[in-house]
Amino acid sequence: MAQQKLQNLITDLNLAKFPENQPLVTAIAMSNFVADTLQKQPDLLRSWLAKLPTSEDCGNYTERLQAVLFRVENEEDFHRALRLFRHREMATLSFVQSNRLASVEFVFERLSDLAESLILGARDWLFARCCEEYGTPQNPQGEVQELLILGMGKLGGRELNFSSDIDLIFTYPDQGETVGARKPIENSKFFTRLGQRLIKALDQITLDGFVYRADMRLRPFGENGALVLSFSAMEDYYQEQGRDWERYAMIKAKILGEDPQNLNHRYLKQLLRPFVYRRYLDFSAIQSLREMKQKISREVVRRQLSDNIKLGAGGIREVEFIVQMFQLMRGGRDKILQQRSLLAVLPELANLKLLSETQTEQLRHAYLFLRNVENVLQAIDDKQTQTLPTDQADRSRLIFASQPFAATELQNWDDFLALLHSHQTHVRTIFNELIGEEEQDENEPQNEQFALWQDILHYQITPEDLASVLADYPVEPTAYEGIFRLLADTFQDWVKRPIGVRGRNVLRQLLPRIMHEIFQRADYEVLLPRLLNIVDKITTRTTYLELLLEKEQILPQLLTLCSQSVMIADQIARHPMLLDELIFENSLSQVIALEDYPQALQDYLIRIPEDDEEALIDGLRQFKQSQLLRIAAADILGVLPVMKISDHLTYLAEAIIGAVVKMAWRQVAQRFGTPDHLAEGEQDFAVIGYGKLGGIELGYNSDLDLVFLHQAPANGETKWGKKSISSHQFYLKLAQKIIAIFNLNTSAGVLYEVDMRLRPSGEAGLLVSTFAAYEDYQKNEAWTWESQALVRARCVYGSPALRTQFEQIRQSTLAQPRASGQLRQEIREMRAKMYQHLAQSSVDKFHLKTDQGGITDIEFIAQCLVLEHAHQQPKMAIWSDNVRIFDSSAECGILPPATADTLKHCYTTLRNQIHHLNLLGQDSVVESAKFQTERAAISEIWRGIFG
């Protein structure tokens, strides 16, 4: 269609009949864009027919554009004027290029000048309008502030293509606010609004097309960074967080409209120069450029860009890399290399003996040939492309445009390809000699997918690149968008962090490993946010990043644990020191013996001075977290059954209770002394565990139900302290201190939530009681539900004598005769109240604890059996855990063995499910269709006992 359009224009104007019009025919034949522009702007065609353009007509853009914009009064006309001016001047340059009226260098220099004039003209026109609306931006000294624009890439080097994007960075000198408007605004807001309107003026596609596609991603912090930064913010960023690829980009950075007399312009150049150019020989530049080139090479393969004259082997980018390698490496010492123009630097490389004259000439000829091909390609339809055409007409255009670069006339496409291949071979040979390929580390994964991950995670991640990589994994395409959003948001946040050079280098190697491992698994959607959260918390803790990278056994273990437990994932994220537990393979599944928890805790705390309370409290929490991780790992890996898991969680809690009591005792005794009835080393203090702690059935998220008892005489006092108090007050303060230690929220978290409501008289009762008062209450005042709670009570801290004394109180209380009918009625009523207030209301869900046929029903059955039969069968009052209570019921003939086994099976099955839901961070709720057999069995046994 485009070719027909061209032919129609040539025919309609009878251009071909007049020899003097042949240059116009050539220009139209070489570019659809020229034909379109002439049709849309007939005045331009008339001027060309009157006088054909020459190279002298290309230039002086700023003055001519100012004359056009001077007459523009509104933004719509402003947008139109910019676009028409751009198209006219681009068409003129295409005419000059097609007719070989100027050199390649001339064309891309004028293309760059045109872009600079349009950008600055648009900025100045919009600046005046913004000042009218918001006031004029000034610094505290009253100096008017300006928007400075850094032209990056080919724009900065005056090497712009016909249809290049323009890479820009906006900045302004000083903070302050606007003056002259009804309501002043900060300079940052003013320049952000100006920048947004400028981008719209250039980038927005209207009926008249666009001016330039503006790319702002090279600014500090990329797409998530502020659109405009002050000088000081720019300086902070490049000093603290600037990366190698940003140094590479800054080589060509040019202040558009640069004025050597402008102090702001001079300061900005001085600010950026130390970041780009090192004072010493910087050989790290070779490695950085090598990695960027490897990324590009993989992108060429991935996107099938083998015919790309820019990115392919021996292409434009390799010429740029060769020159910029020397600029980065030696520019700090050889100031002559601190130039933006590639063609200006090339001969200096020969002068400095960094390249031979033959090599520099080969690179120069190749670069000019390739740039000419690139410009011709883009001038055809004003589209950004560097790919060789398949269309015969476009191939003919390239052959025609390339004749001046050939020693002999190019007859056909094969001749053109031979010339192209010759230049690419020269470039590739020099490139390989200087930069080449990095030798593969034997320990590095020989995996193309790994390399692709490295590319997209550490350069500019795009949805297209991510999709191309994920296509090689068992990932549903519907998940691509969510994965991209999560990765992009996370990485943009990390860009702003003071991670440091060492940390970023480790991240660059670590993240691809993590991504590669995650997306090979079916549970990638669960794992990805959990692993990213862990890495997120250690980005500024390079030691942990290095631990993950260097200890290869850690990552597989971490993936396994995190996939099964959000609790573990969250714990490790909050407390990265737990990663130390993963160093030795399989060590996590080797939990310590139950009886060894107190000694292990003592060994853990022995390194901490006794008088450092905060460090001791942190140490307790850290020990608990590391042991929880081991227990959970043993659970997930199937090393321990559910009953053993609860045993370990319970014994761990008891060890910690003992350590907390000793710590609290020491601190209270330092101030008040010790009760006078005690012999040296005695405490006469006991901690009673109720509920899951008493029943040796703790879960991962269980609270501690505690009651404190002592045996101090009524008239006792403390001695040897700074202040003497009654013994009862001493034990009260001890109890308060214990609770405070448990509840204190430090950087390592809360130790345990403590519930004291099961003490005599509940919340209205004393925080700590004597044994005598406790026994009297249990035998004479306790409600039935309190006796039920006593079934699951144990002494978890105290001397052997106190433990025996408590057990005597417990068993004698439980063995009191009770009227079975009244007992069952009270238990049934209590269960009905609990069900009414706590049960799951949804018909399609089952709450494993509180719904009918759940854990609570089993516990009430066990408690009823103890309270009803212990006076006749003392054996029923021995155990506090449900499983052994059911064993005793069978041994005493209270329950048939099959019924006892059914209750034990149902109890352990439901508890096992609760454990795993806890690990996943979920409530104890499942679909109502699950555990139907267990629920039915429990309900049947309940009806058999309670009716």
Side-chain angles (χ1 to χ4, degrees), residues 119 123 130 137 145-153 155-156 165-176 185-203 212-256 264 267-269 271-272 274-276 288 292 456-463 465-466 484-501 503-504 507-508 511 532 535-536 539-540:
I119 295 166
R123 177 200 65 180
C130 286
Q145 301 297 288
E146 59 178 326
L147 178 68
L148 278 71
I149 303 175
L150 288 175
M152 310 294 287
L155 172 60
D165 291 353
I166 52 170
D167 296 294
L168 306 176
I169 295 177
F170 297 156
T171 183
Y172 63 96
D174 297 326
Q175 298 284 2
I185 62 173
E186 295 177 351
N187 288 350
S188 59
K189 290 183 179 179
F190 176 92
F191 287 115
T192 297
R193 293 175 184 178
L194 172 59
Q196 290 168 338
R197 289 168 71 168
L198 176 56
I199 292 169
K200 180 180 178 182
L202 300 173
D203 197 280
Y212 293 102
R213 293 173 293 268
D215 191 336
M216 305 299 298
R217 290 177 296 176
L218 291 181
R219 69 184 187 268
F221 304 116
E223 290 179 317
N224 279 16
L227 185 63
V228 191
L229 289 178
S230 67
F231 282 3
S232 61
M234 289 268 286
E235 185 172 22
D236 289 345
Y237 175 81
Y238 288 117
Q239 281 186 357
E240 296 176 11
Q241 302 189 50
R243 290 165 289 171
D244 284 340
W245 68 263
E246 289 175 301
R247 287 183 61 204
Y248 169 83
M250 275 292 173
I251 287 176
K252 290 186 177 294
K254 177 182 187 293
I255 302 172
L256 300 188
N264 288 331
Y267 182 82
L268 182 58
K269 288 182 67 176
L271 181 156
L272 295 173
F275 168 65
V276 183
S288 299
M292 282 191 275
I456 69 169
L457 295 181
H458 300 288
Y459 293 90
Q460 292 289 346
I461 181 173
T462 67
D465 287 341
L466 180 63
F484 171 77
R485 193 181 311 112
L486 177 60
L487 292 178
D489 290 349
T490 301
F491 300 150
Q492 284 295 338
D493 182 50
W494 290 353
V495 164
K496 303 175 185 178
R497 297 194 185 168
I499 296 174
V501 175
R504 291 194 186 279
L507 266 179
R508 186 182 59 80
L511 274 176
L532 283 179
V535 179
D536 180 76
T539 52
T540 56

What pair of heavy atoms forms the shortest contact from M152 to A253, and how long is it?
SD-CB, 3.6 Å
Rounded at 0.5 Å granularity, tell me how far CG in L218 sits from CD1 in I169.
5.5 Å
Starting from the C-alpha separation in whole Å, work towards a yes-or-no answer on side-chain contact (heavy atoms from CB on, under 4.5 Å) for N187 and Y172.
CA-CA 9 Å; N187 288 350; Y172 63 96; 4.0 Å; yes
Using side-chain heavy atoms (C-beta onward) and a distance below 4.5 Å, is Y212 in contact with D203?
no
Side-chain contact test, heavy atoms from C-beta onward, threshold under 4.5 Å: evaluate it for C130 versus F191 and give yes or no.
no
Tell me if a side-chain donor or acceptor on R193 pairs with a main-chain N or O of F190 at a distance below 3.5 Å.
no
T171 side chain vs L229 backbone, donor-acceptor pair below 3.5 Å:
yes
Within a strict 4.5 Å, meaning less than it, do heavy atoms of the L150 and K252 side chains meet?
no
Hey, are the side chains of L168 and I199 touching, using non-hydrogen atoms and a 4.5 Å cut-off?
no
With heavy-atom distances below 4.5 Å as the criterion, would you say the side chains of Y238 and P220 are in contact?
yes
Quick one: are E246 and V276 in side-chain contact, heavy atoms under 4.5 Å?
no
Residues Y267, F231; criterion ring-ring contact (aromatic ring centres under 6.0 Å, His included); working and verdict:
CA-CA 9 Å; Y267 182 82; F231 282 3; 5.8 Å; yes
When rounded to the nearest 0.5 angstrom, what is the spacing between CG in L227 and OG in S188?
11.5 Å
Rounded to the nearest 0.5 Å, how far does CZ of F484 lie from CG of D489?
8.5 Å
Suppose we screen for side chain to side chain contact (heavy atoms under 4.5 Å, CB included). Which residues come up paired with K269, at least two apart in sequence or across chains?
I255, E258, R273
Heavy-atom side-chain contact between F170 and L194 under 4.5 Å:
no
By side chain to side chain donor-acceptor pair (under 3.5 Å) - contacts of R485 (at least two apart)
E481
How far apart are the closest heavy atoms of Q175 and S230, and which atoms are they?
NE2-OG, 3.9 Å
Could you note down all residue pairs passing salt bridge (Lys or Arg N to Asp or Glu O under 4.0 Å) where residues 165-176 supplies at least one of them, sequence neighbours left out?
D165-R213
Any side-chain heavy atom of L202 sitting closer than 4.5 Å to one from R197?
no
